[in-house]
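What you see below is based on every heavy atom in this structure, not just the backbone, and it leaves out hydrogens, waters and symmetry mates.
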Amino acid sequence: MDDRHPGTAHDTIVKSRNPHGPKPNLPDYEAAVRTFSWEAARQEELDGLPGGRGLNIAHEAVDRHAAGPRRDRVAIRWLGKAGDVRELTYADLAALSSRVAHALSDLGLAPGDRLFVLTGRIPELYAVVLGALKAKLVVSPLFAAFGPEPVATRMKLGRARALLTTPRLYQRRVLPIRDSLPDLQHVFVTGTGSADPPEGTLALEALVEGAPPDFTIPDTDPEDPALLHFTSGTTGTPKGALHVHQAVLAHHVTGKHALDFHAGDRFWCTADPGWVTGTSYGIISPLTNGVTSIVDEAEFDVERWYRILERERVAVWYTAPTAVRMLMKAGAEVAKRYDLSALRFIASVGEPLNPEAVLWGRNALGLPIHDNWWQTETGGIMIANYRAMDVRPGSMGRPLPGVEAAIVRRRQGEDAASEASTPVELADPGEEGELALRAGWPSMFRSYIDNEERYRRCFADGWYLTGDLARQDDDGYFWFVGRADDVIKSAGHLIGPFEVESALVEHPAVAEAAVIGKPDPTVGEIVKAFVSLREGCEATEDLKLELTGHARRRLGPAVAPREIDFLDDLPKTRSGKVMRRLLKARELGLPEGDTSTLERPASPGTEE
């Protein structure tokens with residue numbers, strides 16, 4: 001992740017107000033902060049299940065609209081890679097998701113069972129996610145570019161009972177690991193029509209054909225589990241962050257305030273549905289707010305993206321810094337060939353947005369790009385630059401109404417992450433420290449599955465400790481400084497070093513491996529691996545190519561290392577932990593910091 005230098009952009013203030021379009025939903029930030037309450041927002045913004053039977057994400061996203069004046073509004077406008085277009089109105093989506101809910105229930109899947117989704121951006125994904133939520137299953141999205149092993153790891157941890165995928169992804173990603181998934185009972189594939197699914201799978205189309213278009217959602221407690229998102233850690237296996245149906249309140253409110261959704265908007269979230277952004281703001285938030293979502297099946301292409309913005313008359317666009325940098329690389333003159341006058345608001349998330357990208361947006365697109373900050377664990381946007389507020393390029397903005405953020409100090413040290421959190425204290429004004437959020441917002445994760453101790457360590461004195469380092473200026477804007485751990489962010493994807501290291505060590509030539517994120521001007525960071533070889537193995541360019549291919553097959557191209565260096569020995573602490581931060585410092589020519597815990601060979605004639 002690129003570090004920000006908080007002081008460099010303070011003298012630059014960009015006016016974010018756009019003269020055309022409706023008035024901002026959050027016209028007076030200070031007044032909203034003073035008066036906002038989550039309880040009042042729930043009463044004013046959401047319907048709840050009929051008869052006071054609780055709160056269900058799918059009801060708020062589609063059923064309540066399908067029963068009212070928005071029933072014929074387009075909910076999903078899907079753009080196929082080959083040029084085909086498919087539209088689903090709110091009534092269509094409500095009926096199709098109800099058929100899915102019936103099919104899942106008829107197969108014996110029960111509330112709390114976990115359904116994983118491994119597909120690209122296809123219309124069936126949205127119907128299945130919403131249908132599963134209606135049936136009170138827990139939905140867990142997977143990134144379609146994952147290799148078999150990351151898929152297996154997450155499905156084992158999540159005790160997957162069901163999976164939606166495509167025939168191609170089933171053959172390539174799931175079939176090689178299916179025998180290792182004892183809890184997996186049903187695999188649904190879409191794209192085969194009603195016949196000839198791969199052996200051991202069920203055709204989704206055949207299951208929903210003839211199912212009733214109405215489904216009565218069971219009573220849903222707001223604290224019932226709904227979403228399971230995996231986030232990579234620096235050691236051990238990925239962490240499964242569990243969210244509840246009450247999260248829909250934060251999804252809805254943050255869409256309205258941070259993304260400025262208005263009735264009639266056409267909205268484009270470019271995030272893959274396999275990541276939390278693609279779920280919270282690619283599915284739930286735009287639907288609860290009743291807008292039309294543009295869904296593009298294809299991967300990034302500069303000209304295609306500009307054509308979509310122009311032809312689809314996109315009003316609100318939510319994308320990632322990696323994509324912005326790729327557009328910048330193509331040049332502002334490309335953007336100026338297209339009519340982007342429908343655009344009212346552009347936002348970015350996934351990693352820090354460089355100040356020059358904010359300014360480039362104003363010059364090339366006619367609007368500044370508004371950065372915001374949140375995590376898998378927060379479930380929704382927590383800090384943002386708002387449409388009615390001036391933008392300070394390089395800042396992640398100010399907290400949402402209803403969210404209290406602060407900079408705190410806690411014990412630091414080589415092994416601090418493995419120990420229980422100590423009490424925290426507020427940092428001095430302007431001091432760098434750990435970004436913390438006062439616990440209790442609706443989309444806060446409720447647990448790391450099967451890792452309650454790790455979950456407890458995220459909290460101290462009523463604060464959720466984010467692990468991100470930041471500072472707050474005198475006007476309340478927060479500025480990202482760096483990450484407190486070693487998680488790599490590449491093209492907006494979180495990559496845990498441990499997974500990559502584990503795959504490399506499986507190769508017979510590798511004795512040990514360590515992985516870091518190396519800054520890259522396009523994707524933020526690339527994965528770089530340091531490898532020590534087994535006795536008798538020679539460090540050659542051919543072996544590098546072999547290891548790269550091995551990692552790509554195991555992990556997929558998005559996760560596999562882009563660079564590999566051979567070392568005789570990896571730096572370790574005396575307790576045997578590889579010091580990734582030391583490898584990164586040496587790679588980037590930065591100060592090595594405290595090396596008192598570094599393992600060193602004993603000098604001749606001495607004893608350790």
Side-chain angles (χ1 to χ4, degrees), residues 1-3 143 145-154 230-239 275 322 350-351 376 414 417-418 467-468 482-520 522-534 537 539 541 543-573 575-590 592-593 598-599:
M1 177 182 294
D2 292 337
D3 286 352
F143 184 40
F146 275 148
E149 293 201 2
V151 170
T153 298
R154 288 157 177 77
F230 284 90
T231 180
S232 297
T234 57
T235 59
T237 54
K239 299 169 291 184
W275 302 104
T322 299
E351 56 191 297
T376 301
E414 185 66 33
S418 64
D468 279 354
R483 289 187 65 81
D485 58 25
D486 298 321
V487 171
I488 301 163
K489 275 195 174 180
S490 182
H493 307 321
L494 287 175
I495 299 171
F498 183 80
E499 284 188 284
V500 184
E501 292 161 0
S502 298
L504 289 169
V505 170
E506 289 177 1
H507 192 281
V510 176
E512 291 183 308
V515 166
I516 65 167
K518 179 178 177 179
D520 179 86
T522 300
V523 298
E525 287 184 312
I526 62 169
V527 178
K528 177 159 188 175
F530 297 88
V531 169
S532 64
L533 299 178
R534 295 185 184 275
C537 295
E541 289 300 314
L543 181 56
K544 279 188 183 182
L545 291 174
E546 185 178 329
L547 291 175
T548 300
H550 167 80
R552 287 173 70 90
R553 287 190 298 274
R554 292 291 194 184
L555 303 168
V559 182
R562 294 262 297 274
E563 293 182 9
I564 297 176
D565 279 358
F566 295 115
L567 297 178
D568 291 337
D569 295 290
L570 301 180
K572 301 184 188 71
T573 65
S575 62
K577 295 180 181 177
V578 174
M579 298 183 72
R580 296 190 192 97
R581 67 166 179 83
L582 191 57
L583 285 169
K584 189 163 188 174
R586 292 172 178 173
E587 175 70 16
L588 303 181
L590 300 174
E592 294 185 1
L598 180 65
E599 181 184 42

Minimum heavy-atom separation for Ile495 and Ala558, please, with both atom names.
CD1-O, 3.4 Å
Derivation of the salt bridge (Lys or Arg N to Asp or Glu O under 4.0 Å) call for Lys544 and Glu563:
CA-CA 9 Å; Lys544 279 188 183 182; Glu563 293 182 9; over 6 Å; no
Closest non-hydrogen contact found for Thr322 with Ala491 is OG1-CA, 3.0 Å
May I ask you to test the Leu567-Leu583 pair for a side-chain heavy-atom distance under 4.5 Å?
yes
Report yes if the side chains of Pro561 and Val500 come closer than 4.5 Å at any heavy-atom pair, otherwise no.
yes
Taking C-beta and beyond as the side chain, do Ile516 and Phe530 meet within less than 4.5 Å on heavy atoms?
yes
Sole residue of Leu533, Leu543, Val531 in side chain to side chain contact (heavy atoms under 4.5 Å, CB included) with His507
Leu543
Identify the two heavy atoms, one from Val527 and one from Ala560, that lie closest to each other, and give their separation to 0.1 Å.
CB-O, 4.1 Å
Hits for salt bridge (Lys or Arg N to Asp or Glu O under 4.0 Å) against Glu587, two or more places apart or cross-chain, chain-then-number order -> Lys518, Lys528
Do Pro148 and Arg554 touch side chain to side chain, with heavy atoms closer than 4.5 Å?
no
Between Phe566 and Leu547, is there a side-chain heavy-atom distance shorter than 4.5 Å?
yes
Interatomic spacing from OG1 in Thr376 to NZ in Lys239 - rounded to 0.5 Å:
9.0 Å
For Pro497 and Ile488, which heavy atoms make the closest approach, and how far apart are they?
CG-CD1, 4.4 Å
Any heavy-atom pair between the side chains of Trp275 and His493 that's under 4.5 Å?
yes
Residues Ser532 and Leu570: closest non-hydrogen pair is OG-CG, 4.5 Å
Arg534 side chain vs Val510 backbone, donor-acceptor pair below 3.5 Å:
yes
Taking side chain as C-beta onward, heavy atoms only, is Phe146 less than 4.5 Å from Val559?
yes
Side-chain heavy atoms of Glu501 within contact of Leu504, under 4.5 Å:
no
Short N-O contact, Arg154 and Glu149, less than 4.0 angstrom
no
Hey, could you give me the CD1/CD distance between Ile564 and Glu546, rounded to the nearest 0.5 Å?
10.5 Å
Lys489 (side chain) donor-acceptor with Glu525 (main chain) under 3.5 angstrom
no
